[in-house]
Each structure stands twice: as structure tokens, then as C-alpha cells.
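Computed from heavy atoms alone, side chains included, the values below leave out hydrogens, waters and symmetry copies. A note on names: the letters A, B, ... follow the listed sequences, proteins ahead of strands, and every chain is numbered from 1. As the structure is a computational prediction, the values presented were derived from the model and not from experiment.
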Amino acid sequence: MSVVKTITSSQERKRGWSISLAPDLLPVEVPPPFDVPPLSVEVLQKMYHVMLLIRRVEEYLLDAASEGRIGGAMHTAIGMEANAVGAAFATRPDDYVTCTYRGHHHAIARGLDPGQVIAEVLGKASGCARGKGGSMHMVDPEHGLMGTNGVVAAQVPHAAGMALAARMRGEDRIALTFFGDGAIYQGVMHETFNIAAKWKLPVIFYMENNKYSEMTPIWRTSAIEDLYTFPKVYGIESIRINGNDVEIVHAAVSWAAERARSGEGPTFIEAITYRLAGHMAGDLETYRTPEEREHQRQADPLLVLRQKLLDRNVTEEALARIEEAVAQDLARAVEFAETSPWPDIAEAYTDVFHL
Amino acid sequence: MAVKTNLEAVRDTLAELMERDPSILIMGEDVGPRGGVFQATRGLFDRFGPDRVIDTPLAELSIIGVGIGLALHGFRPICEIQFADFIFPAFNQILNEAARYRYRSNGAWSVPMIIRAPYGGGVSGGLYHSQSVEAFFTHIPGLYVLAPSTPYDIVGLLRTAAQAPDPVLFFEHKRLYNLVKGEVPETYYEIPIGEADIKREGSDLTVISYGLTLHEAIKAADQLATEEGIQAEVIDLRTLKPLDMDTIFASVEKTGKVLIVHEDNLTGGWGAEIAARIAEQMFEWLDAPVMRLAGPDVPAVPYAPPLERWFMPLADKIKAKMRELAEY
């Protein structure tokens with residue numbers, strides 16, 4: 001089981017990308033501070049189902065966007081699914097989650113019905129936010145999803161607050177907050193690090209480092225590449241993992257959750273991953289080369305997991321059955337969303353106080 | 001005459017300013033090789049290099065804070081806030097620092113910077129990519145607040161803003177970037193800060209607006225003239241602060257009826273200040289109450305297409321309000 005260690009050359013830096021996930025360059029292993037026990041094939045197959053469903057939902061959404069059926073900016077997490085699914089399987093339904101505008105994968109991984117996800121992105125009345133929010137504003141309090149957020153790092157302090165509340169109420173719930181590499185330099189991130197560390201809050205900071213802050217490679221704006229070293233300075237246990245391997249993600253988050261629940265305080269996880277689609281639907285991706293993207297496809301978390309299952313004697317037929325079930329899930333979700341009505345105008349004034 | 005879109009007007013003028021004034025820098029998120037999310041800085045990185053077109057971290061507070069430092073020491077940064085909705089982390093630096101440096105240093109220092117921010121709805125942007133935030137800033141003494149809405153005005157005001165001795169907030173309506181085309185003279189010109197422009201002459205009532213609603217108001221006025229013979233005068237504020245009250249008062253003298261239209265929500269919107277000034281100083285000239293049409297007081301522009309349409313004060317709603325005012 002490998003934990004990614006970054007390698008960089010000035011040559012790569014000049015070309016605009018500094019890390020490779022592809023197996024031939026998955027290099028130095030450093031021992032993780034946690035065990036990565038192999039998960040049962042039953043669990044791994046469930047994870048494969050959810051990850052593939054996320055992928056198919058987002059592919060459908062990209063198609064819908066290219067047909068002009070989705071307005072505004074829609075950000076997909078294609079290539080980053082293992083982070084959401086590994087973390088969701090390692091936490092409890094009553095734990096709290098906040099995340100970024102790139103949040104479809106977290107919503108589905110937490111258990112939000114994919115029909116409601118699609119409906120929200122289409123702006124339908126049956127969407128999880130009844131059409132008010134759209135792609136960037138998934139919400140599902142039932143599964144602890146306290147909101148995906150359109151503003152970089154805005155969701156991070158909320159996790160600390162919820163973690164503090166849980167502890168003050170004597171509950172053993174924890175809070176998990178997802179953000180990208182680009183969020184690391186927002187001031188509120190660092191303010192929250194200190195508070196979480198000083199108060200030993202049961203919170204997990206989970207960075208999905210896909211190497212691009214929106215549409216600019218992180219090396220262009222960051223003096224250091226080892227982003228997981230920041231929280232160490234604040235006294236937070238901090239690790240870097242391969243975010244494309246769902247088993248490693250699951251192990252890391254399980255370990256961090258156990259630390260949080262037992263009063264050991266916050267953990268920061270920098271998960272190296274890669275966004276295989278554009279920053280948003282319609283992104284021309286002029287800031288990276290197609291070769292780079294194709295190279296990274298070798299480390300597609302779905303391929304990694306599929307191979308893992310085959311290696312553990314799951315048959316092609318069994319995988320095909322999962323893939324067929326996912327196709328049916330998608331068809332149901334699309335049918336639900338597309339046949340749902342638009343929200344009534346009166347909806348605009350619901351949940352508004354003090355006009 | 002060249003015909004340009006609002007976006008081209010911004011981009012070409014930025015290039016022209018950088019060419020002419022080596023103290024001008026551009027800073028912001030994705031402004032470098034990517035050319036900005038709206039492509040307002042496309043080509044500038046290749047032309048002027050990474051020292052003058054600077055990709056910043058996703059951290060608005062430091063974009064503005066560092067910009068202030070540059071401005072205090074001989075540079076004129078043009079800071080881009082990717083969406084006006086993201087400006088709030090930088091609010092303290094704008095309000096407490098940029099706007100007050102001159103005052104607190106007995107005039108020794110000033111902050112000659114431009115903060116460009118695309119604002120406004122009508123693009124299915126949802127809650128955090130559609131806001132009109134101007135009223136937060138028009139409230140602050142010490143800032144110029146501009147919101148030009150045509151290519152001609154963008155070019156002329158951006159040139160002037162780049163010579164202003166104090167901080168300028170330069171709001172660009174993102175829906176208009178590629179929607180509006182207009183002629184821009186080849187010969188050099190400037191437009192003074194603080195001058196409104198009468199975009200359509202009329203004698204029956206006055207409509208005051210800026211941004212997307214300005215263009216919608218002109219459309220509504222044209223329709224109303226054709227259909228019902230009502231002649232509305234449409235004033236484009238261009239500069240929100242300082243307000244050009246002379247142009248407004250002259251029009252009110254002529255028509256006696258005023259409608260103020262903006263997309264920013266009603267309560268505490270900039271229209272409230274304009275209405276108050278008219279009521280205070282033009283009471284005897286008025287033949288009707290000053291009316292306002294604005295975005296509804298809901299916490300954000302909702303995403304779903306029918307809800308966003310409901311939110312936006314576009315031509316149909318403006319026309320109905322103009323008719324109501326004309327009939328008063």
C-alpha cells in the first residue's frame with residue numbers, strides 16, 4: 001500500500017505540473033501512521049458501485065451542460081471519487097460534513113439520492129435545495145451534509161463550530177470538512193487550524209489536492225509543495241495520502257475519526273488526486289496539456305479499484321452486474337429529475353424571514 | 001470607430017493602460033495564462049509577463065491587502081476579484097485600509113488602486129456567483145465606485161480610473177460582457193468620474209439606472225414610446241459614487257417623475273440614497289412619489305431558471321412600473 005510522496009523536477013515545474021499519480025511515477029513510499037487493513041470484497045464492491053454511480057451522474061451532467069440545459073458554473077469531481085467514497089464509508093451518518101462547490105461526489109457518497117442531486121443541478125423543485133442553489137449548493141442534513149459551498153474555504157470554520165458543538169453537547173460525533181489545494185491560503189483556513197488545534201476539536205481537515213486552484217496550477221501560486229506541512233505548524237497531526245485509492249482513503253479517515261472521537265483532536269489529510277475533467281463544464285483547459293490528462297488517467301480511481309477487485313478474485317461478471325445496476329440507478333435518477341417540475345415562484349420566498 | 005463588446009473594451013483598455021504606464025500591475029485569481037474566468041485578461045500574461053500579470057492564491061484578503069502596499073509605494077495595481085461575491089474576505093482591507101489611508105495620514109499617503117469585480121445575475125450563477133454588492137461600498141466614504149455599462153463608457157472610465165489618486169471599485173456586469181456591443185472611437189478620450197449620461201431623452205418621466213437594468217430600461221422606454229407614446233428619459237449613472245446629482249436634478253425638473261431601477265436588492269440599495277436626495281432637494285418639482293424597482297429582498301439570487309427570472313428586474317417589469325408612474 002503506497003502513500004504518495006511528491007517528486008518534482010524543475011523541468012516539470014516549468015511545464016506546469018509537478019506531480020504524477022500514474023503508477024510508473026508513484027514513487028517513494030513512506031510508512032503511514034495508520035494501518036491499511038484490506039477491506040472485504042463486499043465493501044469494496046459497494047464502494048465501486050457508489051464511485052461508478054458518481055462518475056455516471058457527473059458524465060450525464062456534463063452532457064446536459066453541453067446541451068445547454070445547465071446554466072452557470074458546474075464543477076465535477078471526475079477522477080476524485082475515491083476521496084468522497086472512502087471518507088463516507090469511514091464515518092457515521094450522524095457525523096457532519098461541509099465541502100466545496102465541487103461537491104456532487106460528496107453528496108452522493110453521503111447518501112443523498114442521485115435523483116435529487118441531478119434535479120438540483122437542473123434547478124428543479126425536487127432538488128435537494130428545491131432549486132434555489134444549483135450545482136454548488138448541495139445540502140442533505142439527514143446524512144450530515146451541511147452544505148457544499150460556492151466560496152473557497154467558507155465552509156471550513158463551520159466544521160470546527162459543529163465539532164465544538166458536538167463535544168459541548170457530550171456527543172461523539174465528528175466533523176469532516178473537504179476543500180481543495182487552492183483553499184490553503186485563505187485566511188480563515190489558518191484561523192481555523194489554530195482554533196481546532198488549541199481546543200482539540202474532533203474535526204478532520206480533508207484536502208483534495210487535485211493540483212489546480214481552479215484553473216491555475218498550485219505551483220504557480222504556492223512557495224511550497226508540501227501543503228500538508230502547514231497544519232503541523234499549528235500543532236495538528238497531518239499526513240499525505242494517495243487520494244485515488246479508496247482503501248487508503250478509508251483507512252486514513254477511519255484513523256483520523258478514531259483520533260477525533262477519542263479526544264486526540266484534529267487531523268489534516270492531504271489527499272493527492274487529480275481532476276480528470278475541466279474545472280467546470282465548458283472549461284477549455286488551456287492551462288494544461290491533453291497529454292498530462294491522459295497520463296493521469298492511468299491512475300483513475302475507478303480503474304484502481306476495478307483492478308483491485310479483479311486481483312481479489314471478483315469476476316468480470318460480478319463487476320458487470322454492478323455496472324448494470326449503476327446504469328439502472330442512473331436511469332431512475334435522470335427520469336426522476338427530468339420529469340420533475342420547475343419550482344413555483346412562491347418558493348423564492350420560502351425560508352426568508354424579516355422581509 | 002471599432003465595435004467592441006463590454007469584455008473587449010475592458011481587455012483592450014487594460015492592455016493599453018499597461019503599455020502606457022509601467023506602474024500598472026494586474027493581480028488576481030486565474031488572471032495569468034488562463035486569462036481570467038471571463039477572459040478579461042486574455043493575452044496580457046504573454047504580452048507583459050508574470051511580473052506584471054500576477055496569478056495570486058485564492059485569497060481575496062491578500063489580493064487587496066498586498067495591492068494596497070503596492071499602491072502605497074509607487075505602483076498602481078489593478079486587482080481582479082473573480083466574482084464580486086468573493087470580495088467579502090477582503091472587506092476589512094477595502095473599508096478600513098484602502099478607503100482611509102489618506103484620511104489617517106493627513107494626506108501623506110493615498111491608495112491609487114483599481115479593484116475590478118464582475119457582478120450581477122442573469123447567468124444562472126446561483127447564490128454566490130450572481131450578487132450585486134455595490135451598496136456595501138457606496139456606503140463607504142473614501143472610495144470611488146464606478147459601474148459603466150457600455151463599451152464606450154468602460155473605456156473612458158477605466159482610463160480615468162487609472163489616473164485616480166484614490167481607490168476605485170470598478171464593477172462590471174458579467175451578463176453584459178458579451179451581450180452589449182458598441183462603438184469605441186479610435187481617438188483617445190476620457191470620461192470624468194462622477195458624470196452621469198443621458199442614454200435616452202424624454203420628457204414624461206425619468207428612469208435612473210446602471211448595469212443590466214440600464215439596458216433593460218432603455219428597451220422598456222423604447223417599447224413604451226412606440227406603444228403608448230410615453231417618453232421616458234433614461235439616465236445611466238456610470239459612476240455610483242460620487243453621484244452626479246446635477247444631471248439627476250435637471251432631469252427631474254423636466255419630468256417631475258422619477259423611477260430608480262437596480263438589480264441589487266431594494267432595502268438599503270443605492271436607489272434609497274438617490275430617492276432620499278431627490279425628496280430632500282427636489283420636493284417641489286415632484287409630481288409623483290419617487291419610485292424604486294429593485295431585486296427583491298431575498299437572501300440571494302436563486303438558481304432555478306424560473307426563480308432567477310422572477311428575481312431579475314428586466315424590461316417587462318420596468319415597463320409596468322414606468323406605466324404606473326406615468327399614470328400617477
Worked check of side-chain contact (heavy atoms from CB on, under 4.5 Å) between B:Val37 and A:Met215:
CA-CA 8 Å; B:Val37 286; A:Met215 291 166 285; 3.2 Å; yes

Heavy-atom pairs under 4.5 Å with chain B: which of A:His137, A:Lys132, A:Glu347 has the most?
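Of the candidates given, the most pairs with chain B belong to A:His137.
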
Could you have a look at A:Ser135, A:Ala73, A:Ala153, A:Gly133 and say which one has the most heavy-atom pairs with chain B under 4.5 angstrom?
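Ranked by heavy-atom pairs under 4.5 Å with chain B, first place is A:Gly133.
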
Between B:Glu60 and chain A, which part of the residue has a heavy atom less than 4.5 Å away: side chain, backbone, both or neither?
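For B:Glu60, backbone and side chain are both near chain A.
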
With a 4.5 angstrom heavy-atom cut-off, is it the side chain or the backbone of B:Leu127 that approaches chain A, or both, or neither?
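Contact with chain A: backbone and side chain both.
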
Segment of [X] engaging chain B (4.5 angstrom heavy-atom cut-off):
X: A:Ser213; answer: both
X: A:Leu122; answer: backbone
X: A:Val151; answer: both
X: A:Met136; answer: side chain
X: A:Met189; answer: neither

Decide if atom CZ of A:Arg288 counts as having more than 12 heavy atoms of other residues, nucleotides or ligands within a radius under 6.0 Å.
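Yes, CZ of A:Arg288 has more than 12 neighbouring heavy atoms, counting only those of other groups under 6.0 Å.
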
Close side-chain approach of [X] to [Y], heavy-atom, < 4.5 Å:
X: A:Asp283; Y: B:Arg34; value: yes
X: B:Val298; Y: A:Tyr349; value: yes
X: B:Tyr128; Y: A:Asn149; value: yes
X: B:Ser62; Y: A:Tyr185; value: no
X: B:Pro33; Y: A:Thr286; value: no

Distance from A:Tyr101 atom OH to B:His129 atom NE2, nearest 0.5 Å?
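Rounded to the nearest 0.5 Å, the OH-NE2 separation comes to 7.5 Å.
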
Between A:Gln186 (side chain only) and B:Leu58 (backbone N and O only), is there a donor and an acceptor less than 3.5 Å apart?
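Flag set: sc A:Gln186 to bb B:Leu58 pair under 3.5 Å.
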
Check: A:Val121 main-chain N/O paired with B:Tyr303 side-chain donor or acceptor under 3.5 Å:
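Yes.
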
Any idea which of B:Thr56, B:Leu266, B:Asp85, B:Val301 has the most non-hydrogen atom pairs under 4.5 angstrom with chain A?
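So the answer, after comparing B:Thr56, B:Leu266, B:Asp85, B:Val301, is B:Thr56.
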
For residues A:Gly123 and B:Ala304, report the shortest heavy-atom separation together with the two atoms involved.
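Closest heavy-atom pair between A:Gly123 and B:Ala304: O-CB, 3.1 Å.
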
For residues A:Asp344 and B:Leu307, report the shortest heavy-atom separation together with the two atoms involved.
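Between these two residues, the closest heavy atoms are O-CD2, 3.4 Å.
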
Ignoring hydrogens and angles, state whether a donor on the side chain of A:Thr221 or B:Asp55 is under 3.5 Å from an acceptor on the partner side chain.
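B:Asp55 and A:Thr221 do not have a side-chain donor-acceptor pair below 3.5 Å.
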
